[in-house]
Student: 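Quick one: this structure, given as structure tokens, is what I'll be asking you about.
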Amino acid sequence: MQMMEKIFRAPILNPIDANTWRFYQDGALGVDQGLIVHMGDFTAMLGQIGADMEVENLDGVIVPGFVDSHLHWVQHRVTGRFSGELLTWLQEHIWPEEARYVDTDLAQAAATQFYADVLRAGTVMGMSYSSPHAEATQIALTAMRGDWVIGNVLMAIHAPHTLTDYSLHDPDALRAFMCQTDKTHYALTPRFAPNLTAASLKTLGQIAAESQCLIQTHLAESVTELQWVKELFPDAAHYTEVYDRAGLLTPRTILGHCIEMRDEEWRCLRERGSWVAHCPTSNEALGNRRMPLEQVRAYDIPFALASDIGGGPSHSMLHVMQRFLGTHREADVAVAPQEALYRSTKAGAECMGRGAVGGDLTVGKRADFVLLPQKPAADSVEAWFEECLSGKSADLEQRPLGTWLRGERAA
Ligand SMILES: [Zn+2]
């Protein structure tokens, strides 16, 4: 057996795939230098525990830390405060808030609060949209706790100058900024098609190809947005084609929402290998339709779950899992708790290109985990897990008993 500094002893639930998880009633998680060096039944490793090894008994159930594949950290302060039709909501509430991140003191305080809150709720990784400001984006990168990929939103047109004036949509300025940032934590982030021209989207596609960085944007979230895109790009067959012609659809691309989609658009995503970030709570809050999970499954599109704060009413991934199960079941589409956990952990890490280092509790990965309260009365693991997802979002934000990053208590 490999050397290890510490063993956490508790029941462990580890996601395998969309249909399967593995539960260890008396589990052991061995950690050395922040990495998992053992995971399995405690009794199986009893004989190998040295006298100098520390064993910490945890009163709860260990699950991997959560991954949020799409959120706007610069909307955290107004999460849940506004709702309404997507475009009006952006123009009246969200863009004025994002414009405030020109103030670096405000950005610094907000970043510290954001990371503290998401860790408290069990989120250890994710894909994050920043405001257009280079400084605010750098602040979020520097203040980072956990493993995040962040991009300054790129928006040149059809938005207030308080945002477009600061957007690095000029290719030279953008390339220069990207050179200063850690490539592994940076995503090229065109906000959405209406904020850029076909020519500038194409330039971004070239920059993405040169740098091989992750790409994140929004696609087909609402009916009014779809109509606007049709007017702005009249010669595109559909919304998906606007991005595809620009070379922005790759296996490193994560597309928020994907609701108002035609069959040929799903086929296109399938061919490009792009990911969907599915945001059920945001879609409900802004009155958008349900993402057609049946289509996503039929076309075998990879997807991960996301809170999409501030469109989503809470940064809790437990709340996102609750509504993922709820919204699709209400439409008579079968979804299992195993899938909810998998889409909030392992699938999220994979969409970020982090499948080898995070997302579940496999030996060799980072010891990033969450402790959920044990419910001894539950007669099955499924029933226990669904119990963990029940309640109001404010309660779910506080439900984890603790969050660990690289084997160290972080919240
Ligand atoms: Zn979003």
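Start at 1 and go down the list; that is how both ligands and their atoms are numbered. As a basis for the values below, the full set of heavy atoms in this structure was taken, side chains included, without hydrogen atoms, waters or symmetry mates.
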Student: Looking at His328 and Val333, would you say the former's side chain and the latter's main chain have a donor-acceptor pair under 3.5 Å?
Tutor: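 No.
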
Student: Could you please spell out the steps behind the salt bridge (charged side-chain N to carboxylate O under 4.0 Å, His left out) verdict for Arg406 and Glu408?
Tutor: CA-CA 6 Å; Arg406 295 179 181 269; Glu408 301 285 336; over 6 Å; no

Student: Report yes or no: does His257 have an N/O/S atom closer than 2.8 Å to the Zn ion (ligand 1)?
Tutor: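 No, His257 does not qualify, because none of its backbone or side-chain N, O or S atoms lies under 2.8 Å.
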
Student: Using the Zn ion (ligand 1) as the vertex, how large is the angle between NE2 of His72 and NE2 of His70, rounded to 10 degrees?
Tutor: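 With the Zn ion (ligand 1) as the vertex, the angle is close to 110°.
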
Student: Examine all N, O or S atoms of Asp308, backbone included, and report whether one is under 2.8 Å from the Zn ion (ligand 1).
Tutor: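 Coordinating: yes.
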
Student: Could you go through the side-chain hydrogen bond (donor to acceptor under 3.5 Å, both in side chains) check for Asn288 and His257 one step at a time?
Tutor: CA-CA 10 Å; Asn288 293 314; His257 305 295; over 6 Å; no

Student: Do Glu397 and Ser314 get their side chains close enough for a donor-acceptor pair, meaning under 3.5 Å?
Tutor: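 Yes - a donor-acceptor pair under 3.5 Å links their side chains.
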
Student: Could you confirm whether Cys279 has any N/O/S atom lying under 2.8 Å from the Zn ion (ligand 1)?
Tutor: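 Not a single backbone or side-chain N, O or S atom of Cys279 is under 2.8 Å from the Zn ion (ligand 1).
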
